[in-house]
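The structure under discussion appears below in the form of structure tokens.
All values below come from the heavy atoms of this structure, side chains included, with hydrogens, waters and symmetry mates left out. Since the model is a prediction, treat every value here as computed from it, not as a measurement.
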Amino acid sequence: MRQATPVATAAGLVAGYALDALLGDPRRYHPVAGFGRAAGALERRIYRPDRLAGTAFTALAVGAPVLLGVAATVATRRRPVARAALVAAGTWTVLGGRTLRHEATVMGRALRAGDLPAARQRLGHLCGRDPSVLDEPELARATVESLAENTSDAVVAPLLWGAVAGLPGLLGYRAANTLDAMVGHRSPRYARFGTPAARLDDLLNLVPARLTGLLTIAVAPTAHGDRERALHVWRRDRNDHPSPNAGQCEAAMAGALGVRLGGRNVYFGRSEVRPFLGDGPRPEARHLKRAARISGAVGLAALGLAAAYPLTLGRLAGALGRQALHRNVSGRVVPGRAVVADRVVAGRVVLGRAVAGPVVLGRAVAGAPAPGRTILGRGGVGGGGAGTAGLGSHR
């Protein structure tokens, strides 16, 4: 049964990715949208313009999905098929790869047709910039930057956290990322209240964003990109971005496409000037198809790593953890508790229930019990004669 759990997790990740690739986001009753409405209602009840209230809000809004995932994981610990189905459903729910690529395709079609009003209207599906004054290169740049960053946020990071932490990781990551989109931006209302959510999202994306950058470099040739140039730009420009994570993805994408990203971003009511990332011309409509292809290839590569982790490194880490726990328990004196063995098998006392009183646990103990301690076992240990005490399979 222990061997079936990693297989169930890996199978669920693959099945959930396939569902996203085939169906995309659910059109109605999307669970993430429902979570957003619930989080909005919670915010209205506990909002105060300080970080303490923001911390409470983040803990409650992220903790609830994590606990739900833990409960589902415990309930299916002996049901690998049910575990795989739940992980598949959770993965499909939190991924957004197909939708992301679709939006880039629609934007590219509008720009190639010269339909700037349609392209400006569509930009709101990808980012929060004010599109009213953006021309074709700026609309294309915004799309490429959003595609690069969201390949990490909506594909690589969920798969990674699902591989490492199963269903709780999937749900917890998506909750944190959704809160960042809701309250994590710099505005008068959320300048302090939204800081905890933004910091949690930054922390959870530290590894996924860097993995996304490296995978973008690796798959650059799939879109006629130069892997060496992508690596050069990534190493040179990745830390110039004000975000600790977005620059990792955007710099690699800029190098893979041979374009220059960054510059002045206009939001509703404010603007930011960001350093340039990459060399070459500004993006055009023709670059969006290549960017979408890179995003898809990165997603497939991340899926391969995520599915392999529970079967390899995850299983090894679990085995090492169980061995360390076994050594820690079997080699220590645990004050205040004694073990009453249920039976003796091959000279070893098999662990049973615990009763009050000190006990020596671990290797065989010959002779009388240690002063002040008791070794108990049915038929295995006498009052002052020789006895054998030990732990059986505690895992």
Side-chain angles (χ1 to χ4, degrees), residues 1-36 38 61-103 150-178 204-205 207-208 211-212 215 295-318:
M1 188 62 64
R2 184 178 295 158
Q3 303 297 325
T5 300
V7 175
T9 299
L13 291 171
V14 172
Y17 186 93
L19 287 171
D20 176 69
L22 291 173
L23 305 176
D25 289 330
R27 295 185 179 274
R28 300 179 62 186
Y29 309 113
H30 198 302
V32 175
F35 168 80
V62 176
V66 170
L67 290 176
L68 178 63
V70 170
T73 299
V74 171
T76 58
R77 64 187 182 277
R78 298 184 184 278
R79 298 178 176 87
V81 175
R83 169 75 60 85
L86 282 177
V87 172
T91 303
W92 178 34
T93 296
V94 304
L95 289 184
R98 179 185 173 94
T99 299
L100 187 62
R101 296 189 297 273
H102 172 73
E103 291 299 329
N150 283 298
T151 297
S152 175
D153 289 357
V155 182
V156 177
L159 289 173
L160 181 63
W161 282 108
V164 172
L167 190 61
L170 287 166
L171 301 183
Y173 172 77
R174 176 52 62 213
N177 188 247
T178 302
L204 295 179
N205 279 292
V207 174
L211 178 61
T212 301
L215 291 178
S295 177
V298 168
L300 283 173
L303 174 65
L305 295 176
Y309 178 86
L311 304 174
T312 54
L313 295 178
R315 181 176 289 176
L316 177 62

With a 3.5 Å distance limit and no angle check, can you tell me whether [X] reaches the backbone of [Y] through a side-chain donor-acceptor pair?
| X | Y | result |
| --- | --- | --- |
| R77 | T73 | no |
| W161 | L204 | yes |
| R83 | A8 | no |

Write down the atom of [X], the atom of [Y], and the distance for their closest heavy-atom approach.
| X | Y | answer |
| --- | --- | --- |
| A301 | L215 | CB-CD2, 4.0 Å |
| G90 | L167 | CA-CD1, 4.2 Å |
| R174 | A154 | NH2-CA, 3.6 Å |
| S152 | P158 | O-CD, 3.9 Å |
| F35 | P65 | CE1-CG, 3.9 Å |
| P26 | W92 | CG-CZ2, 4.1 Å |

Problem set entry | Verdict with reasoning, L95 to L159, per side chain to side chain contact (heavy atoms under 4.5 Å, CB included) | CA-CA 8 Å; L95 289 184; L159 289 173; 4.2 Å; yes
Check whether any side-chain heavy atom of [X] lies under 4.5 Å from a side-chain heavy atom of [Y], and answer yes or no.
| X | Y | value |
| --- | --- | --- |
| V66 | L171 | no |
| V298 | V155 | no |
| Y173 | D153 | yes |

For residues 10-21, which side-chain N or O atoms pair as donor and acceptor with protein atoms under 3.5 Å away, sequence neighbours left out?
{"from": "Y17", "atom 1": "OH", "to": "L300", "atom 2": "N", "distance (Å)": "3.4"}
{"from": "D20", "atom 1": "OD2", "to": "G97", "atom 2": "N", "distance (Å)": "3.3"}
{"from": "D20", "atom 1": "OD2", "to": "R98", "atom 2": "N", "distance (Å)": "3.3"}

Exercise. By side chain to side chain donor-acceptor pair (under 3.5 Å), which residues pair with T151, not counting sequence neighbours?
Worked result: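 Checked T151 against side chain to side chain donor-acceptor pair (under 3.5 Å); matches are S295.
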For this session: Rounded to the nearest 0.5 Å, what's the gap from CG on L86 to CZ on R79? Could you check?
Result: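 Result: 11.0 Å between the selected atoms.
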For this session: Nearest 0.5 Å please: distance from the CG atom of L211 over to the CG atom of L305.
Result: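 That separation rounds to 6.0 Å.
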